[in-house]
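Here is the naming used below: chain letters follow the sequence lines, and residue numbers restart at 1 for every chain.
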Amino acid sequence: MTLDKTETTRVRFAPSPTGYLHLGGARTALYNWLWAKKTGGVFILRIEDTDAERSTAESTEGILHGLRWLGLEWDEGPFYQTANLPKHIEAATKLLESGHAYRCYCTREELDAQRKAAEAQKRAFIYDGRCRKLTEEESPAKLESGIPYVVRFRTPQTSAVAFDDLVYGRIEKQGHDIEDFVIVRSDGRPLYILSNAVDDAHDRITHVIRGADGIANTPKQVLIYNALGITPPTFAHMPLTLDNKKAKLSKRSHGEVVTVAYYEKRGFIPWALCNFMALLGWSSADGREFFTREELIEAFDLTRINRANSIFNYVPGDTKNWTDPKAIHFNSTYLRTIPPAELEPYVREELQSAGLWRESFEGEEKEWFLKTINLIRTRYLTLTDFSERGRCYFSDEFSFDQKAVAKNLKDSNLRTYLPELSDRLEALPDFTAYEIEEVFRTYSEEKGIKAGIIINGSRTAVSGTSVGPGLFEMLEVLGKDRVVKRLRDVTPLIPEAV
RNA sequence: GUCCCCAUCGUCUAGCCUGGCCUAGGACACCGGCCUUUCACGCCGGCGACAGGGGUUCAAAUCCCCUUGGGGACGCCA
């Protein structure tokens, strides 16, 4: 099989369904997707489920869900690697027949002992290839006797293998540094190293874009391609993302903060996460950081991928920066800058799950709804803020922050001011920010008090907090009825004069 | 231990290939200030890095070597 230069680009994301979709995997998927889109190619999803012991259907579901949530739709698949088993076996047989592979009868026990011995001597363990030396009589005899065997690749010892990586450049490895690796287990099931290469060839993959931990496998796979008479794909390894202690990211040691599902749960806009991940190991030529999908596809380039590993700056226990602060920055920026119409579906979903959604927000109150989310979003970080910090806009059942009450409602005169303001506001023909401000300014002048007293008091009375949008716009959005009621109902929280 | 890879502010990075425009630029975070009824936003300013040592050169963040540090791989896992 030769690679026609005019053939369209074909890339794949090939996760093993043995856990959740994590940030590292998602970023790999994103880079593949970007490259496919950029080149007008095809993005394939392949589930590498050959590890029967650890693969689960739940995991597959989670991966598919995560990719869809991120908006990284695949063009072909999902293909399941186990479905290609016959092809993998066929390839192994071919390698055996052509002499590129041989049967090895060494037992696990023997190999474990050798490995231990090597370790004890602080020596690298490389299988010594003793079975490749089996004589022509010995081998068939062993085969006859039914002794279990694995199939090993016969690595050329005297030559080197090299490949030109799109990000790391030329990587060369000496044959004698590569052991005769196993390609088929003793139970006849082929191993990843073989299956993966065979599938990539079968799917006509042109570019293998994967984590740098795959570099060590690449020379072995190149050997397999060559032995099978297949032109290897082009490789592009991307640097790994480590934690702030420079350890590999894993669900086990970092918990759900490294899973894509967690960002969905915590109120991320999917594209904000994609945009953040894209910048972990890649930068645009012009230094820009915010991109729409189309812009990122346009700007993306495999050759601008960085070679150094990057660190996911997550500090356990930090409640404000519960994930990398830059990721939060991306999310909050998107939250307050995308067109309200684009934001609306996300907010709707958030309010629905919080039980705050009303159908009228999409009907007669639509205009009000968009105006409201547009007003409050500038200080929100995630979508969950709409249902938590924004609760007072969508429900009359909101709680009072004790600090805010103590600070803004401590003046006992407010027991008089607030109801009086309420009366004046109720009499307003047009409940607009401008008219409302007039009421407040006039009132403070009449009483000879600082406007801040009634402004801050009112803020806490209607929202329960000491922070939020400009008061007058806020009251306008809240509407006359609610404002009038809340200003009166808050009286019990204000201390009586002594 | 062996092999492979990497090394610029706390973090993400630009610059490195094709040495001089780099008293090293941007972003996040942090700290000041302005704006202001609060909190944000916004704007202005500050803090802050070429791992170390040798070369090569008129000139090195950029090229070469060594050291150190870090990561990855070393499975009948993927």
Base, sugar-phosphate or nothing for [X]? Non-hydrogen atoms, less than 4.0 Å.
X: Thr50(A); value: sugar-phosphate
X: Lys320(A); value: sugar-phosphate
X: Val182(A); value: sugar-phosphate
X: Ala308(A); value: sugar-phosphate
X: Pro469(A); value: base
X: Arg377(A); value: nothing
X: Gly287(A); value: nothing
X: Phe312(A); value: nothing
X: Gly470(A); value: base
X: Leu280(A); value: sugar-phosphate

Check: Closer to the 5' end of RNA chain B via nearest nucleotide, is it Ala212(A) or Gly452(A)?
Finding: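 On the 5' side of the pair lies Gly452(A).
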
Item checked: Residue whose nearest RNA chain B nucleotide is more 5′ - Glu179(A) or Lys326(A) ->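 Mapping each residue to its closest nucleotide by heavy atoms, the 5'-most match is Lys326(A).
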
Any N/O donor-acceptor pair, [X] side-chain to [N] base, under 3.5 Å:
X: Ser186(A); N: C76(B); answer: yes
X: Arg379(A); N: C39(B); answer: yes
X: Arg54(A); N: C77(B); answer: yes

Looking at the rings of [X] and [Y], which for Trp means the six-membered one, are their centres under 6.0 Å apart?
X: Tyr334(A); Y: Phe290(A); answer: yes
X: Trp271(A); Y: Phe330(A); answer: no
X: Phe400(A); Y: Phe398(A); answer: yes
X: Trp282(A); Y: Phe300(A); answer: yes

Looking at the side chain of [X], which of [options] is the nearest nucleotide?
X: Arg115(A); options: G75(B), C6(B), A78(B); result: G75(B)
X: Asn456(A); options: C4(B), C77(B), U37(B); result: U37(B)
X: Arg152(A); options: G70(B), C76(B), U38(B); result: C76(B)
X: Leu191(A); options: A78(B), C12(B), A73(B); result: A78(B)
X: Lys246(A); options: C6(B), C12(B), G70(B); result: G70(B)
X: Arg185(A); options: C5(B), C76(B), G72(B); result: C76(B)
X: Asn306(A); options: C5(B), U13(B), A78(B); result: U13(B)
X: Glu289(A); options: C3(B), G70(B), C12(B); result: C12(B)
X: Leu242(A); options: G71(B), C12(B), G42(B); result: G71(B)
X: Pro325(A); options: A29(B), C5(B), C77(B); result: A29(B)

Is there a Watson-Crick or G-U wobble partner for [N] with both distances under 3.5 Å, and which nucleotide is it?
N: C41(B); value: none
N: C30(B); value: G46(B)
N: U2(B); value: A73(B)
N: C63(B); value: G55(B)

Next item on the list: Sticking with atom C1', work out how far C47(B) lies from A40(B), rounded to a whole angstrom.
Entry: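 My reading of the C1' atoms in C47(B) and A40(B) gives 23 Å.
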
Item checked: Spacing of the C1' atoms in C50(B) and C34(B) (rounded, Å) ->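 Approximately 34 Å lies between the C1' atom of C34(B) and that of C50(B).
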
Rounded off to whole Å, could you give me the [atom1]-to-[atom2] distance for the [X] and [N] pair?
X: Lys116(A); N: G75(B); atom1: NZ; atom2: C1'; answer: 14 Å
X: Lys220(A); N: G72(B); atom1: NZ; atom2: C1'; answer: 13 Å
X: Arg189(A); N: G75(B); atom1: CZ; atom2: P; answer: 18 Å
X: Phe153(A); N: C76(B); atom1: CZ; atom2: P; answer: 17 Å
X: Leu85(A); N: A78(B); atom1: CG; atom2: P; answer: 12 Å
X: Met474(A); N: U37(B); atom1: CE; atom2: P; answer: 16 Å

For [N], take OP1 and OP2 only and decide whether either is under 4.0 Å from a side-chain N or O of [X].
X: Lys403(A); N: C39(B); answer: no
X: Arg389(A); N: A40(B); answer: no
X: Arg307(A); N: C17(B); answer: no
X: Ser466(A); N: U38(B); answer: no
X: Ser283(A); N: A14(B); answer: yes
X: Lys248(A); N: A73(B); answer: yes

Item checked: Step-by-step salt bridge (Lys or Arg N to Asp or Glu O under 4.0 Å) determination, Asp51(A) to Arg54(A) -> CA-CA 6 Å; Asp51(A) 184 347; Arg54(A) 296 193 301 152; 2.8 Å; yes

Next item on the list: Identify the heavy atoms of Leu302(A) and His207(A) that sit nearest to each other, and give their distance.
Entry: CD2-ND1, 4.5 Å

Margin query: For the residue pair Thr218(A) / Arg210(A), report whether a side-chain donor-acceptor contact shorter than 3.5 Å exists.
Written below: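 Yes, a side-chain donor-acceptor pair sits under 3.5 Å.
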
Notebook entry, point to check: From Ser310(A) OG over to Leu280(A) CG, what is the distance, rounded to the nearest 0.5 angstrom?
Noted result: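 Going from the OG atom of Ser310(A) to the CG atom of Leu280(A) covers 4.0 Å.
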
Next item on the list: Working to the nearest 0.5 Å, report the span between SG of Cys104(A) and CD of Glu110(A).
Entry: 8.5 Å

